[in-house]
Amino acid sequence: MRKNIFSLEGKVALITGASYGIGFAIAKAYAEAGATVCFNDLTQEKVDMGLAAYAAEGIKAHGYVCNVTDEQAVNQMVAQIEEEIGSVDILVNNAGIIKRIPMCEMSADEFREVIDVDLNAPFIVSKAVLPAMIQRRQGKIINICSMMSELGRETVSAYAAAKGGLKMLTKNIASEYGAFNIQCNGIGPGYIATPQTAPLRQVQADGSKHPFDQFILAKTPAERWGAPEDLSGPAVFLASEASDFVNGHILYVDGGILAYIGKQPK
Ligand code: NAP
Ligand code: GCO
């Protein structure tokens, strides 16, 4: 029989913030490819919600309460996973937040909060799994970047700074640990329909589409928002041996946004 180079059989995957949304879709794809799925969320309630959602898909996932910005809690969670399940083969730094506030109205504390979750935390979680990866001479780290790793827009200064930084952290991990057969790549989703982007898609009082919704459709050659499942194939590719010589790359999964100047208004 031909070997399946996309198989994740026998691998342990940790996907942060994966009770729902993009993280959940990626974790589900990993489980379907054969991996054991571990995830975390901020509260027991959210973890239980996630566990029930995985169980409904026939997946036995392992859920942990952990704030990814808390280095001690992250180290504890990774140690617990190593003891209970095995060393982490695949890490997806997915947990993230956004604050849409015009820069001149944003406090430094609000800015720091976004940087803490979206940039410092991927550093913290990667640092926690890297020693075992180095020792075992294998590992995959996938950082969930953004259109804002390349582009700016009004109100998202902190998010863009964090996601731009995450792109460079990705390249640096690849540079620093590539010799240990560790691949660190990013996925840059386009505009994906999840709770994070729900305010941008809200139907207006008169029943019309939100102006931002129309704006995104005009900016996306695919003329639709992405679904979390659009990220499944790229995420499996970057976690599998099919991508063993792909390192420090950001794979944009955006329906063509970054290639397109946008539709001319009628
Ligand atoms: P989401 O629906 O808001 O889900 C984010 C998840 O991260 C939630 O489960 C959330 O938990 C968790 N989280 C937040 N802060 C955390 C912390 N400190 N510790 C642990 N977990 C934490 O977001 P999403 O749209 O699925 O996005 C997932 C990732 O993709 C993010 O990094 C986001 O920036 C990125 N992204 C999203 C889009 C998009 O269009 N949706 C596009 C590009 C990139 P709680 O529910 O407990 O808050
Ligand atoms: C926004 C959005 C974005 C997306 C995504 C794009 O307000 O512009 O929330 O930043 O979530 O990251 O790739």
Side-chain angles (χ1 to χ4, degrees), residues 14-28 38-51 53-54 63-71 73-74 77 92-102 112-122 124-125 142-167 169-170 186-202 210-213 215-216 219-220 224-232 234-235 250-258:
L14 168 61
I15 304 99
T16 65
S19 299
Y20 58 88
I22 290 173
F24 180 83
I26 291 176
K28 181 173 171 257
C38 306
F39 73 99
N40 70 294
D41 212 319
L42 283 167
T43 62
Q44 189 61 53
E45 196 188 346
K46 286 278 172 64
V47 169
D48 289 343
M49 195 184 95
L51 287 171
Y54 286 108
Y64 301 85
V65 178
C66 176
N67 183 334
V68 287
T69 65
D70 178 341
E71 187 165 19
V74 167
M77 172 178 70
V92 181
N93 282 309
N94 167 77
I97 59 167
I98 191 164
K99 288 184 190 290
R100 299 183 185 96
I101 305 171
R112 277 191 205 99
E113 203 186 321
V114 175
I115 302 287
D116 209 21
V117 179
D118 293 356
L119 182 57
N120 291 345
I124 289 171
V125 189
I142 297 151
N143 291 326
I144 304 301
C145 298
S146 165
M147 292 294 89
M148 272 68 215
S149 300
E150 299 293 339
L151 303 169
R153 85 168 187 86
E154 305 78 3
T155 74
V156 298
S157 57
Y159 186 78
K163 294 295 189 178
L166 186 57
K167 172 178 75 174
L169 178 65
T170 304
I187 291 179
Y191 278 79
I192 313 294
T194 70
Q196 194 204 68
T197 52
L200 306 174
R201 284 175 286 108
Q202 221 160 33
H210 192 298
F212 197 88
D213 190 340
F215 168 67
I216 288 304
K219 286 292 283 182
T220 312
R224 67 171 175 88
W225 284 69
E229 292 69 29
D230 285 317
L231 303 164
S232 305
I250 312 297
L251 177 49
Y252 290 101
V253 184
D254 64 354
I257 291 178
L258 289 178

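As the structure lists them, so they are numbered: ligands from 1, and atoms in each ligand from 1.
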Proximity of [X] to ligand 1 by residue part, where a heavy atom lies under 4.0 Å:
X: C145; result: backbone
X: T43; result: neither
X: I97; result: side chain

Any heavy-atom pair between the side chains of [Y] and [X] that's under 4.5 Å?
X: C38; Y: M77; value: no
X: S19; Y: F39; value: yes
X: I187; Y: I142; value: yes
X: I22; Y: I192; value: yes

Nearest heavy atoms of [X] and [Y], plus distance in Å:
X: T16; Y: N40; value: CA-OD1, 3.0 Å
X: S149; Y: K163; value: OG-O, 2.9 Å
X: A18; Y: Y54; value: O-OH, 2.6 Å
X: A25; Y: S232; value: O-OG, 3.9 Å
X: C145; Y: G186; value: SG-CA, 4.3 Å
X: V47; Y: Y64; value: CG2-O, 3.4 Å

Please state which option from I192, I22, I26, T16 has its nearest heavy atom closest to atom 37 (C) of ligand 1.
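It is I22 whose heavy atom sits nearest to atom 37 (C) of ligand 1.
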Evaluating non-hydrogen atoms only, which member of T194, I216, T69 is closest to atom 25 (O) of ligand 1?
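It is T194 whose heavy atom sits nearest to atom 25 (O) of ligand 1.
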Would you mind listing which atoms of ligand 1 come within a distance below 4.0 Å of any non-hydrogen atom of [X]?
X: G21; result: 26 (O)
X: P195; result: 2 (O)
X: P189; result: 42 (C), 43 (C), 44 (C)
X: V117; result: 15 (N)
X: K46; result: 45 (P), 46 (O), 47 (O)
X: N40; result: 20 (C)
X: Y191; result: 40 (O)

Protein heavy-atom partner closest to [atom] - residue, atom, separation in Å:
atom: atom 22 (C) of ligand 1; answer: A95 CB, 3.6 Å
atom: atom 45 (P) of ligand 1; answer: D41 OD1, 3.3 Å
atom: atom 33 (C) of ligand 1; answer: Q196 NE2, 3.3 Å
atom: atom 12 (C) of ligand 1; answer: G17 CA, 3.8 Å
atom: atom 35 (C) of ligand 1; answer: I144 CG2, 3.7 Å
atom: atom 18 (N) of ligand 1; answer: N67 OD1, 2.9 Å
atom: atom 34 (O) of ligand 1; answer: Y159 OH, 2.6 Å
atom: atom 8 (C) of ligand 1; answer: Y20 OH, 3.4 Å

[X] N/O to ligand 1 N/O under 3.5 Å:
X: S19; answer: no
X: V68; answer: yes
X: N94; answer: yes
X: S146; answer: no
X: K163; answer: yes

Report the residues that fulfil salt bridge (charged side-chain N to carboxylate O under 4.0 Å, His left out) with D230, sequence neighbours left out, ordered by chain and then residue number.
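R224.
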Could you work out, with salt bridge (charged side-chain N to carboxylate O under 4.0 Å, His left out) as the rule, every residue matching E113, not counting sequence neighbours?
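Checked E113 against salt bridge (charged side-chain N to carboxylate O under 4.0 Å, His left out); matches are K99.
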Ion pair present between K167 and E150, side-chain N to carboxylate O less than 4.0 angstrom?
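Result for this pair is yes, salt bridge flagged.
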Tell me, which residues have any heavy atom less than 4.0 Å from some atom of ligand 2?
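Correct list: I98, R100, S146, M147, M148, R153, V156, Y159, P189, G190, Y191, Q196, T197, L200.
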If we ignore hydrogens and angles and just use 3.5 Å, is the side chain of [X] paired with the main-chain N or O of [Y] as donor and acceptor?
X: D70; Y: V74; value: no
X: D41; Y: T43; value: no
X: R201; Y: W225; value: no

Near E45 CD, under 6.0 Å, is it more than 12 heavy atoms from other residues, nucleotides or ligands?
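No, CD of E45 has 12 or fewer neighbouring heavy atoms, counting only those of other groups under 6.0 Å.
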Take every heavy atom of [X], measure it against each atom of ligand 1, and state whether any distance is under 4.0 Å.
X: G50; answer: no
X: G190; answer: yes
X: C66; answer: yes
X: F24; answer: no

Applying ring-ring contact (aromatic ring centres under 6.0 Å, His included), name anything that partners F212, two or more places apart in sequence or on another chain.
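Partners of F212 by the ring-ring contact (aromatic ring centres under 6.0 Å, His included) criterion, ordered by chain and then number, come out as Y191, F215.
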Pick from N94, D118, L166: which one makes a side chain to side chain contact (heavy atoms under 4.5 Å, CB included) with I144?
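Per the side chain to side chain contact (heavy atoms under 4.5 Å, CB included) rule, the option paired with I144 is N94, out of N94, D118, L166.
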